[in-house]
Amino acid sequence: MSRIVLVTGANRGIGLAIARAFHSLGDQVIATFRSEHPADPFHWLQLEVNEKDSVDRLFDEIEKSFGPVEVLIANAGITRDGLILRMSESDFDDVIGANLKGAFLVTQRAAKGMLKLKRGSIIFIGSVVAMLGSAGQSNYAATKAGLIGMARSLARELGSRSIRVNLIAPGFIETDMTATLDSDRKKMITSQIPLGRLAEPDEVAQVAIFLAGESSRYITGAVIPVDGGLGMGN
Ligand code: NDP
């Protein structure tokens, strides 16, 4: 049966790979973008994930045209890196807004529909840096660590209604976000990854497919690494 799947930040990178993977299974994919989107045949809707009005407009439209969201992938996220003494308040607030508050806002609306349906799967996209830490990313790592606490709290709140909440913790994935790393830094990072390479976005998408599906029906509150072994032991 085709599910109603919402992927935030789906116009590029990991979000686009996730949207494509669900679409290829025959699901109805609602994909969000901000300024422009590729030609993929999803239902494209605009979203500023950190703005409540925008989130409300998105869900009003989805619920009117399609019905309640059964699978939510809260993927939209940003980095605004800087060492602590140089990090501006707005760099801190923007990252909290997009990565943490944004996930809260979309989850709150999605959970409402899932509670009525008495089923659902919520997947947060976290990061290996939540556990490892990362110099220059105190804002970003804090949001990704915050998502783990949020996912586990919601797993407890919503589990009795057959709504599962899990988090994927990617390592380094080949997207625009990592394209800014210079080649020396990339070499250094790769040397620390047991599998010896960065990942393709689809390698994250395949785990999202698993977490949304029946094969993972007894898994909730889990943090699933997709990091080539970089974060193992955490
Ligand atoms: P990209 O920078 O390639 O894409 C980010 C996506 O999020 C874009 O679609 C972007 O939209 C959207 N987005 C950002 N801010 C907002 C906002 N305020 N409202 C709505 N949409 C927004 O990133 P990745 O694909 O690499 O990352 C996706 C997720 O995976 C993020 O949460 C990231 O933290 C996480 N991650 C990525 C890793 C990596 O190595 N790439 C590693 C670990 C985690 P627009 O195009 O309009 O800017």
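Just so you know, these numbers come straight off a predicted model, no measurement behind them. Ligands are counted one by one from 1 in listed order, and the atoms in each one are counted from 1 as well.
The pair E51-R57 does not count as a salt bridge, with every side-chain nitrogen at least 4.0 angstrom from each carboxylate oxygen. With respect to the salt-bridge test (charged N to carboxylate O, under 4.0 angstrom), the residues K101 and D93 do not qualify. For the pair E63 and K112, the salt-bridge criterion is not met [side-chain N within less than 4.0 Å of a carboxylate O].
Where the criterion is an N or O separation shorter than 3.5 Å, residue side chain and backbone included, N99 fails it with respect to ligand 1. The shortest N or O to N or O distance between T178 and ligand 1 is not under 3.5 Å. Ligand 1 has a nitrogen or oxygen under 3.5 angstrom from a nitrogen or oxygen of I173. Between G9 and ligand 1, at least one pair of N/O atoms sits closer than 3.5 Å.
When only non-hydrogen protein atoms are considered, atom 48 (O) of ligand 1 lies nearest to R34 NH2, 2.7 Å. Looking from atom 20 (C) of ligand 1 to the surrounding protein, the closest heavy atom is L47 O, 3.1 Å. The protein heavy-atom contact nearest to atom 44 (C) of ligand 1 is G126 O, 3.1 Å. From the protein, the heavy atom lying nearest to atom 18 (N) of ligand 1 is N50 OD1, 3.2 Å. Looking only at protein heavy atoms, the nearest one to atom 10 (C) of ligand 1 is R12 NH2, 3.9 Å. Atom 37 (C) of ligand 1 has its closest protein heavy atom at I14 CD1, 3.6 Å. The nearest heavy-atom contact from the protein to atom 19 (N) of ligand 1 is V49 N, 2.9 Å. Closest to atom 30 (O) of ligand 1, if we only count protein heavy atoms, is I125 CG2, 3.3 Å.
The two atoms that bring I193 and D227 nearest to each other are CG2-O, 3.8 Å, heavy atoms only. For G126 against P170, the heavy-atom pair with the smallest separation is O-CD, 3.3 Å.
Of all the listed residues (L147, V95, T175, T32), T175 holds the heavy atom that lies closest to atom 24 (P) of ligand 1. Remark: among candidates A31, A130, A74, G77, the nearest residue to atom 5 (C) of ligand 1 is G77, based on non-hydrogen atoms. When the options S54, A17, G15, A76 are ranked by their closest heavy atom to atom 13 (N) of ligand 1, first place goes to A76. Within the set G171, A10, S127, A98, the minimum heavy-atom distance to atom 38 (C) of ligand 1 is found for G171.
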Subject >> Working for salt bridge (charged side-chain N to carboxylate O under 4.0 Å, His left out), residues K52 and D56 >> reply: CA-CA 6 Å; K52 187 171 178 348; D56 282 339; 2.9 Å; yes
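Using a 4.0 angstrom heavy-atom cutoff, T8 does not count as in contact with ligand 1. A heavy-atom separation below 4.0 Å is not found between E174 and ligand 1. For F172, the heavy-atom gap to ligand 1 drops under 4.0 angstrom. Not a single heavy atom of A169 lies less than 4.0 angstrom from ligand 1.
Under 4.0 angstrom from ligand 1, the non-hydrogen atoms of N75 come from both its backbone and its side chain. No part of T79 comes within 4.0 Å of ligand 1, judged by heavy-atom distances. The part of Y140 lying near ligand 1 is the side chain, judged by heavy-atom distances below 4.0 Å.
In this structure the side chain of R109 never reaches within 4.5 angstrom of the side chain of I62, judged on heavy atoms. Put simply, the side chain of Q137 does not reach to within 4.5 Å of the side chain of V95, judged on heavy atoms. V69 places none of its side-chain heavy atoms less than 4.5 Å from the side chain of I30.
Looking at D202, its side chain never comes within 3.5 Å of a backbone N or O of A17 through a donor-acceptor pair. Checked by atom type and distance alone, the side chain of T175 never pairs as donor or acceptor with a backbone atom of G13 at under 3.5 Å.
Linking ILVMFWY side-chain heavy atoms closer than 4.5 Å, directly or via other members, places I125 and L211 in a single hydrophobic cluster. Criterion: ILVMFWY side-chain heavy atoms under 4.5 Å apart, direct or through other members. Under it, V106 and L158 are part of a common hydrophobic cluster.
Atom CG of residue N11 and atom CD of residue Q46 lie 10.0 Å apart, to the nearest 0.5 angstrom.
Near I78, meaning under 4.0 Å from any of its heavy atoms, are these atoms of ligand 1: 14 (C), 15 (N). Counting atoms of ligand 1 from 1 in the listed order, those under 4.0 Å from a heavy atom of K144 are 31 (C), 32 (O), 33 (C), 34 (O).
Checking S65 against E61 by side-chain atom types alone, a donor-acceptor pair falls below 3.5 Å.
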